[in-house]
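To start, the structure itself, in structure tokens.
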Protein chains: 2
Amino acid sequence: MGASKTHIFSPVHNELAHVAKVLAHPARVAILEYISKQDGCICNDLVDVIGLAQPTISQHLNEIKKIGLLKGTFEGKNLCYCINQERWEELQHSFHAFFSNINRNCC
Amino acid sequence: MGASKTHIFSPVHNELAHVAKVLAHPARVAILEYISKQDGCICNDLVDVIGLAQPTISQHLNEIKKIGLLKGTFEGKNLCYCINQERWEELQHSFHAFFSNINRNCC
DNA sequence: ATTTAATATTGCAATATTACGATAAAGATA
DNA sequence: TATCTTTATCGTAATATTGCAATATTAAAT
């Protein structure tokens, strides 16, 4: 097929997978880290910093936006992207919960 | 293109993205959670539990194996899969480090 | 040695992702 | 208005992922 059978999985599993998919590209990890390290809202140098073409960066930013990790102004010249901290912490908790949930009795 | 330009990113970013890619499918999240909740090493019922065909499950398990998250016996009949706890904690730390690293001065 | 039960591999079709050139749109400035 | 700068969108090619039927492999049991 090629399409994931999301309907057979729980909302929690689908949510985590959906978010992980956004982190599943080094450009998006790099973009997130870069934005999170800026003092304020800066973005018009992402193309130079990351090293991908402008349309590609725009697409990656869109993926990040879609899971609610960015807030700010998005259209036209001189944007102002920054991390949506509430959402960031939400995802942090999701991953923490996933990783904390492991049984120790094993081979 | 279609292929990620991994060579332009740092090893840390590539590593996190690589691991996130494994978590970027609900079946693999469900498989990991299921295995981690078993008392010991159990796996021959994954096909029933998850609800995908046996070759598909086998492929997903292989993806998980490739990042070192599983240990045990792998070939033939009556396998014994379980979570590689050291590796699990390593990934937990990687994600924790990534999510902890965020600046608060923003819009 | 055959059968049985469980997992792995192969091959392929359907779909998704990645990347970028070309172009459009939005807004500032001359 | 015209131009410049910056980001968004469109179109498309290359590659990757997902899923399963068919088949192979592995090892235990009979």
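To find a chain, count down the sequence lines: A is the first, B the second, and so on, and within it residues start at 1.
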According to a strict under-4.0 Å criterion, is B:Tyr81 in side-chain N/O contact with OP1 or OP2 of C:dA8? yes

For DNA chain D, what residues of residues 9-31 of chain B have any heavy atom nearer than 4.0 Å? B:Lys21, B:His25, B:Arg28

Evaluate the ring planes of A:His25 and A:His60, with Trp represented by its six-membered ring, and classify them as parallel (under 30°), tilted (30 to 60°) or perpendicular (over 60°). tilted

I need the CG-C1' distance between B:Leu61 and D:dT18, as an integer number of Å. 15 Å

Taking NE2 from B:His7 and C1' from C:dA19, how many angstroms apart are they, rounded to a whole number? 12 Å

Interatomic distance, A:Ile8 CD1 vs D:dC20 C1' [rounded to whole Å]: 13 Å

C:dA5 P sits how many Å from B:Asp45 CG, rounded? 16 Å

Can you tell me if A:His60 touches the phosphate of C:dT17, counting only side-chain N or O atoms and a distance under 4.0 Å to OP1 or OP2? no

By nearest heavy atom, map A:Glu63 and B:Lys65 onto DNA chain C; which one lands nearer the 5' end? B:Lys65

Heavy atoms within less than 4.0 Å of DNA chain C: which residues of residues 51-59 of chain A have one? Give them sorted by number. A:Leu52, A:Ala53, A:Pro55, A:Thr56, A:Gln59

Regarding A:Glu89 and A:Gln85, is there a side-chain donor-to-acceptor distance under 3.5 Å anywhere? yes

Can you say whether the rings of B:Trp88 and A:Phe98 are parallel (under 30°), tilted (30 to 60°) or perpendicular (over 60°)? tilted

Whole angstrom value for the distance that separates P of C:dC20 from CG of A:Asn62: 17 Å

A:Leu46 has an atom CG; how far is it from atom P of D:dT7, in whole Å? 8 Å

